[in-house]
Protein chains: 2
Amino acid sequence: MELRLLRAFRQVATDLNYSRAAEKLFVAQPALSRQIQSLEDAMGVRLFDRDKRTVRLTAAGAYLNEQLGSWFDTLDHLTEQAQRIHNGDLGDLRIGHPGSALYSVLPDALADFSRLYPGVVTSLREVNEVELQEALLQQKIDVGFVRELPQDPRLSSRMVLEEPFSLVLPRNHWLNPSTFTSLAQCHDEPFILPALGKSITYTRQLLSLFATHGYTPKARYESNYGATILRLVEKGLGLAVLPISYQSGTSLNLRFLILPNSTQLYLIWRMNDPNPVVNNFLAVCEQVAADWPVKPPELSTERDRFSTE
Amino acid sequence: MELRLLRAFRQVATDLNYSRAAEKLFVAQPALSRQIQSLEDAMGVRLFDRDKRTVRLTAAGAYLNEQLGSWFDTLDHLTEQAQRIHNGDLGDLRIGHPGSALYSVLPDALADFSRLYPGVVTSLREVNEVELQEALLQQKIDVGFVRELPQDPRLSSRMVLEEPFSLVLPRNHWLNPSTFTSLAQCHDEPFILPALGKSITYTRQLLSLFATHGYTPKARYESNYGATILRLVEKGLGLAVLPISYQSGTSLNLRFLILPNSTQLYLIWRMNDPNPVVNNFLAVCEQVAADWPVKPPELSTERDRFSTE
DNA sequence: TGGATTGATGCCGCCGGGGCATAACCAGTT
DNA sequence: AACTGGTTATGCCCCGGCGGCATCAATCCA
C-alpha cells in the first residue's frame, strides 16, 4: 500500500473517468488502470464498479473516498507543523535566569520573541546562578542568563550586555552624587555581598573593585538574590555593589552611584541544541542587546538624577 | 512523499539505530539511510540529529513520530471498515414491503439479518405494491417484497414464499369451516378487492380463482392495504381473498378459510447492485424461506381450528 | 453500421530503490 | 597508542517494478 495508489484512487473517485484522471495525475491511462487494480488487490476491497463504459464507486469505495480526504489533510497538517517546529516557529523554550535579568534585557527579549514567534510557549524559571549551569546540563532549562562564563565544554555562550557596576546605598546615606568620588570612601562601611564562593569569576570581579582601592569590604550579610540585597540595603543594614540594571523598576528609597568598572551578562545554552527555538531566541537576544543603549552610564545617570529630585 | 519513507522513519524513531531498524524493515542499512535522507528532503525538515555515532530525534521529529502513530492507525481503521463494507458487514439497507410481508417471512428475516450483521442499519418502508418497483429503480429502496413478478430488465427477483390464498370472512358469517366447500358458494357475496388494476399478475391470479367457478365477484370496495381490507371485512362490509399469512397476528373476529390456489411472495432488487449488503440480505432471506413451513396448510388449519374454539 | 470513447492487457524500456563494499568516524579496551 | 567493534554515510552496480505505447474489447452515439 503506497500513497501513490491512494492519490490515484481519489482522483478517479472524483472524476469517475480513468482517462481524465490519468491526465491530471500526469500518467497514461493504462498505468492508472493498474494502480487501481493493485490498490483493490492490496486492500482486498473492490472500490469501483466498472463495466467497460462507466465507472462508479462501490459502497466501500465511497466510504474510503470520504474518509481519505481528512486523512490526507492531517498528513499535510503534520508536515506543516513539523516545518514550523523545524523553523522554530512552534515549540517550547525554558529560560533560566537570575532575578537581575528581569531588570535588563530579558523583558524586552521576551516581548520581541513572543511577537515574532507567537507559537512558542516560553516558561521562565528563576534559578540561582550557581545552579543554572547544572540545570542546563540536566535538560531542565534550554537557555540561561548568567554573569559567569561557563567552563563546561558542552555549553556555548555569548555576551549579551556589558554594564557598569553601581554602588547601592540608602537615600539618607551620607554619600550622594555630590559627595561621592570613589569606592575608597567606603572603607569602613559594612557590605552585603554575594554568596557565590570565591572561585567564581563574578565574585572575583566584584572583589577586585575593592582591591584597587586597597581593601576588602566587610561582609555583614550574604545573598545571591538581588531583591533580597536591595531590601537589606534599604533597611540600612549595609551597602552593596550591583549591576546598574537593578536600578530600573525599583521605586525604593535607594540611590545608585555609577562605578567605573563593568560586568557582563551572558547567555548560555547547550552546544548544538537540536531545538530550533533556541537559535531563534539567541537571535532575538542578540538583536535586543544590539539595540540596547550602548553607553548605559548616560542613561543611568539621567535616571539617577531623576530619582534624586 | 511515500508511506515507505514514513514507515522507515517510525522504525528508526523507535529504535534510534539505523542498523537494527533496517533489519526489522528487511532492508540493508544504506537503503534506510537514504530513505531517511529523502524523507527529510521531501518534508524540508531535519528529523534526526545524527553524528556518526548516536541518533536522536529533533523536536520536529519527535512531534512527527507521536502524531504518525494515530495517523497510521486511522489508515488501518479505514481499510478495515472498507473491508467490512465490502463484505456487507457494515452499511445501510432500505427495504420496501407491502404490509402483508410483515405477517410472513420479513420479521424472521430481519431478526436473522440483524443478528448476523449487527453493523448494518436497516430502514423499513411500507410501499404500495405498484410503487415499489418504481421506488427501487429510483434508488429510494434497495430491496422489496412483492407478490408480482417484475418485468423491468434492470431488476432481479427470487421467489421467497409460496402460500395458499384464503377466504376471509367475519366470524358470524353463515360460512364456516364445516359449511364451506368451495368459492362457488360466494356467488352473491360482496367482495373487497385490490385496486391494482386488471393488468397486474396478482389481480389476474385472484380473479382466476373466481373464474374457475364461473363468475366474477361483485366488488363493493377496493383497497391495496391488507389492514384496511381486514377491518372492512370485520365490519361485515364484504368478504376478501388474501394470502393466508395475514391470519397470524390478527386477533380480530375474523375467520380464514384455506383455498386450494396459492400465491407467491417475491424478493426483488436492482440487478448487479454494488452494495454488498443486498446480497447478504438475499442470502438470509433464502435461508429463512428454506426453513419456512413447507406445507403451510397444515399449520394454518391448526391455527384456524384454535382460533375457532 | 462506423466512428469515437471507454477501461483492460501485452510488451518493452528505463530508472529509482536496494544490496554490497567501503569510507569516515567514534568509544572503549588492551 | 593501537586495536576493535559498531555507528552512519557514500560510491557503484544491478534488477524489478512502474509507466508508456500499441492494441483489444465493449459500449455509446450519430
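Labels below follow one simple rule: chain letters A, B, ... track the order of the sequence lines, proteins then strands, and each chain is numbered from 1. Computed from a predicted model, the values in this text were never measured in an experiment.
Relative to the side chain of B:P30, the nucleotides D:dA22, D:dG19, C:dA21 differ in distance, and C:dA21 lies closest. If you check C:dG7, D:dT10, D:dT8 against the side chain of B:S19, the one that comes closest is D:dT8. Checked against D:dA9, D:dT7, C:dG18, the side chain of B:A31 finds its nearest nucleotide in C:dG18. Counting only heavy atoms from C-beta on, B:Q37 has its side chain closest to D:dA9 among D:dA9, C:dA8, D:dT7.
Phosphate proximity of D:dG6 to B:N17: absent, as no side-chain N or O sits under 4.0 Å from OP1 or OP2. Under 4.0 angstrom from either OP1 or OP2 of D:dA9 there lies at least one side-chain N or O belonging to B:S33. Distances shorter than 4.0 Å separate none of the side-chain N or O atoms of B:R34 from OP1 or OP2 on C:dG18. Contact between the side-chain N/O atoms of A:R50 and the OP1/OP2 oxygens of C:dT6 is not found at any separation under 4.0 Å.
One interatomic measurement links the two molecules: CG of A:D49 to P of C:dA8, which rounds to 11 Å at whole-angstrom precision. Straight-line distance from the CG atom of A:D41 to the P atom of C:dT9: 13 Å, rounded to whole Å. Across the protein-nucleic acid pair, B:L39 atom CG and C:dG17 atom P stand 13 Å apart, rounded to whole Å. The CZ atom of B:R7 sits 16 Å away from the C1' atom of C:dG17 (whole-angstrom rounding). Atom CG in B:L32 sits about 10 Å away from atom P in C:dG19, given to the nearest Å. Nucleotide C:dG7 holds its C1' atom 14 Å from the CD atom of A:Q35, rounded to whole Å. For the pair A:E40 CD and C:dG7 P, the interatomic distance rounds to 13 Å; values are reported in whole Å. Here C:dG7 presents its C1' atom at 16 Å from CZ of A:R56, a figure rounded to the nearest Å.
Across all strands, A:Q29 comes closer than 4.0 Å to base atoms (heavy-atom distances). Within the 4.0 angstrom heavy-atom criterion, only backbone atoms of the sugar-phosphate kind lie near A:F26; the bases stay farther away.
Taking the centre of each ring, B:F281 and B:Y117 stay at or above the 6.0 Å mark.
Salt bridge status for B:R94 with B:D142: present, with a side-chain N to carboxylate O gap under 4.0 Å. For B:E40 and B:R50, the salt-bridge test passes: some basic side-chain N is under 4.0 Å from an acidic carboxylate O. Between A:E2 and B:R4 there is no salt bridge, since none of the side-chain N atoms of the basic residue sits less than 4.0 Å from a carboxylate O of the acidic one.
Interface remark: the A:R4 side chain does not form any donor-acceptor pair with the C:dG16 base, using a distance-only criterion of under 3.5 Å.
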Given the rule in the side chain to side chain donor-acceptor pair (under 3.5 Å) test, do A:E23 and A:Q29 qualify, once you have shown the distances and angles that lead to the verdict?
CA-CA 8 Å; A:E23 284 180 28; A:Q29 170 266 319; over 6 Å; no

